[in-house]
> 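The structure's right below; bear with me while I get my questions together.
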Amino acid sequence: MTGCAITRCMDYESSSIRNALQEIIANTDFPCVEGKTVLLKPNVLSDNPPEKAITTHPAVVYEIGMLIKEKGAARIIIGDSPGMQTGPFRPKLSGIIDVADKLGAELADFRDNPRIHEKDGFRMPMAAVLDDADIVISIAKFKTHQLMYATGAVKNMFGLIPGLNKSPMHLKARTPESFARLLMAVFAESHTDYAFIDAVEGMEGPGPANGIRKHIGLLMGSANAYALDKAEAAIMGYSSVPLISEAERIHPGITDCSYPLLRPEEIAIDSFMRIPEGKKSTLRSLFLPNVLGFFGIQHDTRPYPHFDDSLCRRCLKCAEVCPAKALELRHGRIHIDKHRCIHCFCCHEMCPFDAIKIK
Ligand code: SF4
Ligand code: SF4
């Protein structure tokens, strides 16, 4: 059975990361990289400093790159495509450019001639560099996510869809369950061989961009990315998350694994600030939709984005990324058309000024 290795790593010192990685690799099915071209896919949701815990820490990417070099990889490529990518991929603040320089790795721009992949009813433009890679490694970040509750190794590969091409994909996958199926299709087409999660510093609360940094003190790795994400969700204290529920429903046994080091239930964090798993039922919430439905009126109880005028800088990034074209500037304020909103929360994810709350 595939192993899912979880071990302590209390800081981003080179020796701490290296010891943890060696323990993880020794206890899991790490692929042979000798003579191969290896694509490393960190999470660079947006180019932010490592201290914000939005992106995979550069020290983790570097040490993984060094291990792969020592194991004889012929070529290393590092790439991602932030949701708002409009220019060349030059992730300076997050430290990824420096890592690529130090490793002698190539930096891939996923917007260069993307290829169309078709899988399970989805038509997806994906990074052409996948064709060059013999081995693909996801290096995700331990973070919450407004729509999917947690973002991990499988969802990290959604970044293979270049920049703003991601937004229209949400229109084809409007619920957490259908979005989970889209993520599964992207992941299958990525042919990911191995996955790590950087959980030294993670994010709780309203992730994946505007949450609160939290020290977790772990590094995790497995050849089974679904098992790894299930372990991450359990450590966060979720009973289930949409991606794993949907994956297990469609492919029973997909998350089966052994835990050769730490077990997730032993290290679950009681105080972790999770995304609320749906609103509690009240008499009003149970009966109001039925009563309104009887009169042909739709009543949506899902949360919406709310805009804080005191924090909003009117940059319009939210309107640009909104797949449903539900946002516009009216009389100097962001206005939302709730009939159009599909609750994807891309606006919240991309707001650089934390001016959007989901409630
Ligand atoms: S992205 Fe944030 S700051 Fe920019 S307009 Fe939208 S709410 Fe305002
Ligand atoms: S307003 Fe925000 S949550 Fe609603 S569809 Fe647009 S991006 Fe998604």
Side-chain angles (χ1 to χ4, degrees), residues 41 43-48 54-55 79-89 91 109-128 143 145-149 151 154-187 189-190 206-210 242-243 300 302-307 312 314-329 334-358:
K41 163 62 179 76
N43 183 333
V44 190
L45 174 75
S46 52
D47 191 23
N48 274 285
I54 294 172
T55 53
D80 194 4
S81 182
M84 289 300 296
Q85 187 186 355
T86 47
F89 180 59
D109 194 325
F110 289 177
R111 296 176 315 153
D112 290 344
N113 303 312
R115 309 262 193 276
I116 299 295
H117 292 242
E118 301 205 22
K119 173 86 177 161
D120 297 338
F122 295 106
R123 207 163 177 275
M124 309 162 292
M126 291 177 69
K143 295 190 295 180
H145 190 276
Q146 286 286 354
L147 180 65
M148 305 306 283
Y149 301 164
T151 179
V154 174
K155 187 177 180 306
N156 182 39
M157 304 317 271
F158 193 49
L160 287 161
I161 296 182
L164 283 167
N165 286 290
K166 294 180 196 71
S167 288
M169 302 303 300
H170 281 277
L171 286 176
K172 297 187 172 66
R174 296 180 178 218
T175 63
E177 291 73 25
S178 58
F179 191 60
R181 292 193 290 278
L182 169 61
L183 295 180
M184 291 166 68
V186 174
F187 185 78
E189 290 298 291
S190 74
N210 291 306
L243 173 69
D300 200 334
R302 288 177 293 175
Y304 284 95
H306 290 253
F307 299 83
C312 175
R314 281 76 177 166
C315 68
L316 293 183
K317 281 194 163 45
C318 53
E320 202 179 328
V321 81
C322 175
K325 304 285 171 242
L327 303 175
E328 63 177 355
L329 195 62
I334 295 294
H335 175 268
I336 177 169
D337 181 341
K338 288 190 173 179
H339 297 294
R340 282 178 172 260
C341 177
I342 59 168
H343 310 267
C344 64
F345 309 131
C346 294
C347 51
H348 172 267
E349 196 169 317
M350 286 300 143
C351 175
F353 303 108
D354 197 12
I356 304 176
K357 302 283 177 274
I358 305 298

> Does Lys41 use its side chain to pair, donor to acceptor, with the backbone of Asn156 at less than 3.5 Å?
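Yes, Lys41 side chain to Asn156 backbone: donor-acceptor pair under 3.5 Å.
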> Specify the closest pair of heavy atoms between Pro125 and Pro162, including all atoms of both residues, with the distance to one decimal.
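Scanning both residues completely, I find the closest heavy atoms to be O-CD, 3.4 Å.
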> Determine which pairs satisfy salt bridge (charged side-chain N to carboxylate O under 4.0 Å, His left out) with at least one residue from residues 158-168, sequence neighbours left out, and list them in order.
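Not a single pair qualifies under salt bridge (charged side-chain N to carboxylate O under 4.0 Å, His left out).
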> What pairs meet the salt bridge (charged side-chain N to carboxylate O under 4.0 Å, His left out) rule with one or both residues in residues 317-326, with sequence neighbours excluded?
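Those involving residues 317-326 do not exist here.
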> Looking only at atom types and distance, does a side-chain atom of Ser167 sit under 3.5 Å from a main-chain N or O of Cys322, one as donor and one as acceptor?
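It does not hold such a pair.
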> With sequence neighbours excluded, what pairs up with Phe307 under the ring pair (Phe, Tyr, Trp, His ring centres under 6.0 Å) test?
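Partners of Phe307 by the ring pair (Phe, Tyr, Trp, His ring centres under 6.0 Å) criterion come out as none, since no residue qualifies.
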> Can you find a heavy atom in the side chain of Pro305 that is under 4.5 Å from one in the side chain of Ile336?
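Touching, per the 4.5 Å side-chain cut-off.
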> Got a sec, which residues hit side chain to side chain donor-acceptor pair (under 3.5 Å) with His117, two or more places apart in sequence or on another chain?
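Per chain and number, His117 pairs via side chain to side chain donor-acceptor pair (under 3.5 Å) with Glu189.
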> For the atom pair OG1 (Thr151) and CG (Leu243), what is the distance rounded to the nearest 0.5 Å?
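Nearest 0.5 Å value for the OG1-CG distance: 9.5 Å.
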> Contact between Ile358 and His343 at the side-chain level, heavy atoms closer than 4.5 Å - yes or no?
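No - every pair of side-chain heavy atoms lies 4.5 Å or more apart.
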> Distance check, rounded to the nearest 0.5 Å: Met126 atom CE versus Leu160 atom CG?
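Result: 5.0 Å between the selected atoms.
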> Got a sec, which residues hit side chain to side chain donor-acceptor pair (under 3.5 Å) with Ser190, two or more places apart in sequence or on another chain?
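Partners of Ser190 by the side chain to side chain donor-acceptor pair (under 3.5 Å) criterion, ordered by chain and then number, come out as Thr192.
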> Would you check if Val186 and Met169 make a side-chain contact, meaning some heavy-atom pair closer than 4.5 Å?
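Sidechains of Met169 and Val186: no contact.
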> To check you understand the geometry: which heavy-atom pair defines the closest contact between Ala326 and Arg340, and what is its length?
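Scanning both residues completely, I find the closest heavy atoms to be CB-CB, 3.7 Å.
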> List in chain and number order the residues that pass side-chain contact (heavy atoms from CB on, under 4.5 Å) with Leu329, two or more places apart in sequence or in another chain; answer none if no residue qualifies.
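With sequence neighbours excluded, Leu329 shows a side-chain contact (heavy atoms from CB on, under 4.5 Å) to Arg314, Leu316, Ile334, given in chain and number order.
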> Can you list the steps and then say if Met124 with Leu182 is a side chain to side chain contact (heavy atoms under 4.5 Å, CB included)?
CA-CA 9 Å; Met124 309 162 292; Leu182 169 61; 4.1 Å; yes
> With Ala209, which residues qualify under side-chain contact (heavy atoms from CB on, under 4.5 Å), at least two apart?
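Ala209: side-chain contact (heavy atoms from CB on, under 4.5 Å) contacts with Leu45.
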> From Asp47 CG over to Met84 CE, what is the distance, rounded to the nearest 0.5 angstrom?
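Answer for the CG-CE pair, Asp47 versus Met84, is 14.0 Å.
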> Please name the pair of heavy atoms, one in Lys172 and one in Phe122, separated by the smallest distance, quoted to 0.1 Å.
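Where Lys172 meets Phe122 most closely, the heavy atoms are O-CE2, 4.0 Å.
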> Can any side-chain N or O of Arg174 pair as donor or acceptor with the backbone N or O of Ile342 at less than 3.5 Å?
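Side chain of Arg174 to backbone of Ile342: no pair is present.
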> Which donor-acceptor pairs under 3.5 Å do side chains of residues 347-357 form with protein atoms, sequence neighbours excluded?
residue: Glu349; atom: OE1; partner: His145; partner atom: NE2; Å: 3.3
residue: Asp354; atom: OD1; partner: Lys357; partner atom: NZ; Å: 3.3
residue: Lys357; atom: NZ; partner: Asp354; partner atom: O; Å: 3.0

> Going by the rule ring pair (Phe, Tyr, Trp, His ring centres under 6.0 Å), which residues pair with Phe110 if we only count those two or more places apart in sequence or in a different chain?
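Ring pair (Phe, Tyr, Trp, His ring centres under 6.0 Å) check on Phe110 returns nothing, list empty.
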> Drop me the distance from Leu171's CG to Cys344's SG, to the nearest 0.5 angstrom.
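It is 8.0 Å, given to the nearest 0.5 Å.
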> Can you pull out every salt bridge (charged side-chain N to carboxylate O under 4.0 Å, His left out) where at least one residue sits in residues 118-128? Sequence neighbours excluded, please.
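Passing the test, one end in residues 118-128: Glu118-Arg123.
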> Give the ring-plane orientation class for Phe179 versus His170, where under 30° counts as parallel, over 60° as perpendicular and anything between as tilted.
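Taking His170 first and then Phe179, their aromatic rings lie parallel (interplane angle under 30°).
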> So do Val321 and Leu164 actually touch side chain to side chain, heavy atoms under 4.5 Å?
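SC-SC contact between Leu164 and Val321 confirmed.
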> With sequence neighbours excluded, tell me which residues meet side-chain contact (heavy atoms from CB on, under 4.5 Å) with Asp109.
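Applying side-chain contact (heavy atoms from CB on, under 4.5 Å) to Asp109 gives Gln85, Pro88, Phe89, Arg111, Asp112.
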> Using the test side-chain contact (heavy atoms from CB on, under 4.5 Å), find all partners of Asn48 that sit at least two apart in sequence or belong to another chain.
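By the side-chain contact (heavy atoms from CB on, under 4.5 Å) rule, Asn48 matches Ser46, Lys52, Ile54.
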> I need the minimum non-hydrogen distance between Ala128 and Arg115, along with the two atoms involved.
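Distance-wise, the nearest heavy atoms are CB-NH1, 3.5 Å.
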